[in-house]
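Here is the structure we will look at.
No hydrogens, no waters, no symmetry mates; every other heavy atom, side chains included, goes into these values. Residue indices begin at 1 and follow the sequence shown.
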Amino acid sequence: MELRQLRYFVTVVEEGGFTRAAARLHLTQPGLSAQIRQLEKELGQPLLERSSRSVTPTEVGRAVLPYARAALAAADAVRHAVDEHAGLLRGRVTLGLVPGATGHAFDVASFLADFHDAHPGLEIALTEDASDRMQAALLAGEIDIALLGPPGEEPPPGLSYRTVIDAPLGVAVAAGDPLLADADRTDVPLTDLRDRPLICLPQGTGVRAALERACAQAGFGPRVAFEAAAPHVLAQLAVRGLGVAVMPIDEETPGMAAPLHTLPIVRPRIRARIVLAWPAAGPANPAARALLDRLHDALPKAPTS
């Protein structure tokens with residue numbers, strides 16, 4: 001029995017078939033099938049139920065699976081221990097990022113390039129998604145660290161947060177919008193948005209969650225007419241008079257057009273946060289721990305409100 005055979009077995013179970021597993025392992029399907037058959041022959045029991053539609057573990061396979069995973073994890077830990085002792089980092093680390101998360105406050109591309117230069121043996125992956133899905137992916141161990149807009153005020157059990165950006169939520173409107181009828185106006189009560197078409201980030205983002213919580217407490221639901229994942233698209237839609245854009249307003253928004261006027265939302269004041277999120281017990285591998293340490297050093301400190 002070899003570790004690579006156990007890795008092949010685990011991968012087939014995770015992918016639910018030989019074709020996807022072979023592609024993930026960069027093997028031919030016949031070669032992968034032959035290795036699994038050899039493992040089953042050595043163990044004297046079939047590990048997989050094969051059908052034309054799917055491949056699932058047998059009762060014996062289900063019993064073997066946790067031990068196979070533990071053996072692979074132990075082998076990886078040995079490699080990590082040797083690499084750490086030698087001052088090397090290897091493996092894979094995945095950073096999740098909500099679209100438009102940090103604006104000009106943090107240059108993600110430059111940060112990742114510098115981190116890769118410092119640790120060329122690492123495979124670094126960047127994925128963008130909605131905040132609620134990335135939070136679930138963190139809890140499931142599918143990604144290592146994320147920059148996201150927290151769906152709730154406090155981190156759920158199993159995660160830790162560090163606030164990176166804490167900005168007041170406001171509106172951006174084109175010249176001539178009814179909200180600007182009073183030239184002396186300096187803010188917008190939330191209830192003034194009750195019947196207005198709004199332009200906002202999609203559901204699952206921190207800004208949208210903050211807006212929806214505040215509207216629910218005020219007794220109405222926001223009338224979102226347009227959604228966009230990028231803040232500059234929200235601004236472009238507002239410039240054309242298609243609605244009232246709701247966005248953080250204390251930092252320069254990329255692509256913000258000159259004709260737009262911004263006003264903070266009050267009664268209540270709403271704040272939109274971006275947090276650095278990671279497993280509360282700490283990242284699972286040295287690569288992720290190194291990335292988290294570098295992020296703590298590189299990310300801006302959120303001002304106290």
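Distance check, rounded to the nearest 0.5 Å: CD1 of Ile274 to CG of Leu97 gives 8.5 Å. Atoms CZ and CG, from Arg4 and Leu27 in turn, are 9.0 Å apart once rounded to the nearest 0.5 Å. Atoms CZ and CG, from Arg37 and Leu32 in turn, are 9.5 Å apart once rounded to the nearest 0.5 Å. To the nearest 0.5 Å, atoms CZ (Arg208) and CG (Leu211) are separated by 7.5 Å. Here the CG atom belonging to Leu292 is positioned 9.0 Å from the OG atom belonging to Ser160, to the nearest 0.5 angstrom. Separating the CZ atom in Phe115 from the CG atom in Asp293 is a distance of 9.0 Å, to the nearest 0.5 Å.
In summary, the side chains of Glu212 and Gln203 do present a donor paired with an acceptor at a separation below 3.5 Å, with no hydrogens or angles considered. Looking at Tyr8 and Glu2, their side chains never bring a donor and an acceptor atom within 3.5 Å of each other. Side-chain polar atoms of Thr56 and Glu49 form no donor-acceptor pair below 3.5 angstrom.
Checking side-chain atoms of Arg185 against main-chain N and O of Leu180 turns up no donor-acceptor pair under 3.5 Å. Using a distance-only test at 3.5 Å, with no hydrogens or angles considered, a donor-acceptor pair links the side chain of Arg162 to the main chain of His296. Panel note: side chain Arg223, backbone Asp195; a donor-acceptor pair is recorded below 3.5 Å. Without hydrogens or angle criteria, Asp144 side chain to Ala288 main chain gives no donor-acceptor distance under 3.5 Å. Thr94 places no side-chain N or O within donor-acceptor distance of the main-chain N or O of Ile143, the cut-off being under 3.5 Å. With hydrogens and angles disregarded, a donor-acceptor distance shorter than 3.5 Å links the side chain of Glu40 to the backbone of Leu47.
Taking 4.5 Å as the limit, every side-chain heavy atom of Ile165 sits out of range of all side-chain heavy atoms of Pro248. With a 4.5 Å cut-off on side-chain heavy atoms, Leu39 and Met1 count as touching. Val244 has its side chain out of reach of Ile199: every pair of non-hydrogen atoms, C-beta onward, lies at least 4.5 Å apart. The shortest side-chain heavy-atom distance between Leu6 and Tyr67 does not fall under the 4.5 Å cut-off. For the pair Thr127 and Leu95, the minimum side-chain heavy-atom distance is 4.5 Å or more. Side-chain contact between Gln135 and Pro156: present, with at least one pair of heavy atoms (C-beta onward) separated by less than 4.5 Å. Using a 4.5 Å heavy-atom threshold, the side chains of His116 and Leu122 count as separate. Between Val207 and Met247 the shortest side-chain heavy-atom distance does not fall below 4.5 Å.
Linking Ile, Leu, Val, Met, Phe, Trp and Tyr residues whenever their side-chain heavy atoms come within less than 4.5 Å places Ile270 and Leu179 in a single cluster. Grouping the Ile, Leu, Val, Met, Phe, Trp and Tyr side chains by contacts below 4.5 angstrom, directly or via other members, places Val173 apart from Val266.
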*So Glu14 and Arg20, salt bridge (charged side-chain N to carboxylate O under 4.0 Å, His left out) or not? Walk me through it.*
CA-CA 9 Å; Glu14 290 176 347; Arg20 289 191 298 272; over 6 Å; no
Between Leu295 and Trp278, is the side chain to side chain contact (heavy atoms under 4.5 Å, CB included) condition met? List the steps. CA-CA 11 Å; Leu295 283 165; Trp278 67 93; over 6 Å; no
Evaluate the side chain to side chain contact (heavy atoms under 4.5 Å, CB included) criterion for residues Phe18 and Leu48: first the C-alpha distance (whole Å), next the side-chain angles of each, then the deciding distance (0.1 Å), finally the verdict. CA-CA 11 Å; Phe18 285 92; Leu48 298 170; 3.8 Å; yes
Give the C-alpha distance, both sets of side-chain angles, the deciding distance and a yes or no for side chain to side chain contact (heavy atoms under 4.5 Å, CB included) between Ile265 and Leu193.
CA-CA 9 Å; Ile265 297 172; Leu193 304 180; 4.1 Å; yes
Handout entry: Chi angles and distances behind the side chain to side chain contact (heavy atoms under 4.5 Å, CB included) call for Tyr161, Leu276
Key = CA-CA 6 Å; Tyr161 285 169; Leu276 176 64; over 6 Å; no
Practice task
List the steps and the verdict of salt bridge (charged side-chain N to carboxylate O under 4.0 Å, His left out) for Arg271 and Asp166.
Solution key: CA-CA 6 Å; Arg271 302 195 70 84; Asp166 186 358; 2.7 Å; yes
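Across all non-hydrogen atoms, the minimal contact from Ala228 to Pro202 is O-CD, 3.3 Å. Residues Ala174 and Leu260 approach most closely at N-CD2, 3.7 Å, considering heavy atoms. Across all non-hydrogen atoms, the minimal contact from Pro120 to Asp117 is CD-O, 3.6 Å. Closest of all the heavy-atom pairs between Arg269 and Pro264 is NH1-CB, 4.3 Å. In this structure, Val10 and Ala68 approach most closely via the heavy-atom pair CG2-CB, 3.8 Å. Between Arg294 and Ala118 the shortest heavy-atom distance is NH2-CB, 3.7 Å.
Residue Gln38 qualifies as enclosed at atom CD: its count of foreign heavy atoms under 6.0 Å is above 12.
Here the rule is side chain to side chain contact (heavy atoms under 4.5 Å, CB included) with Leu147, and of Val98, Val275, Leu299 only Leu299 fits it.
Between Asp192 and Arg267 there is no salt bridge, since none of the side-chain N atoms of the basic residue sits less than 4.0 Å from a carboxylate O of the acidic one.
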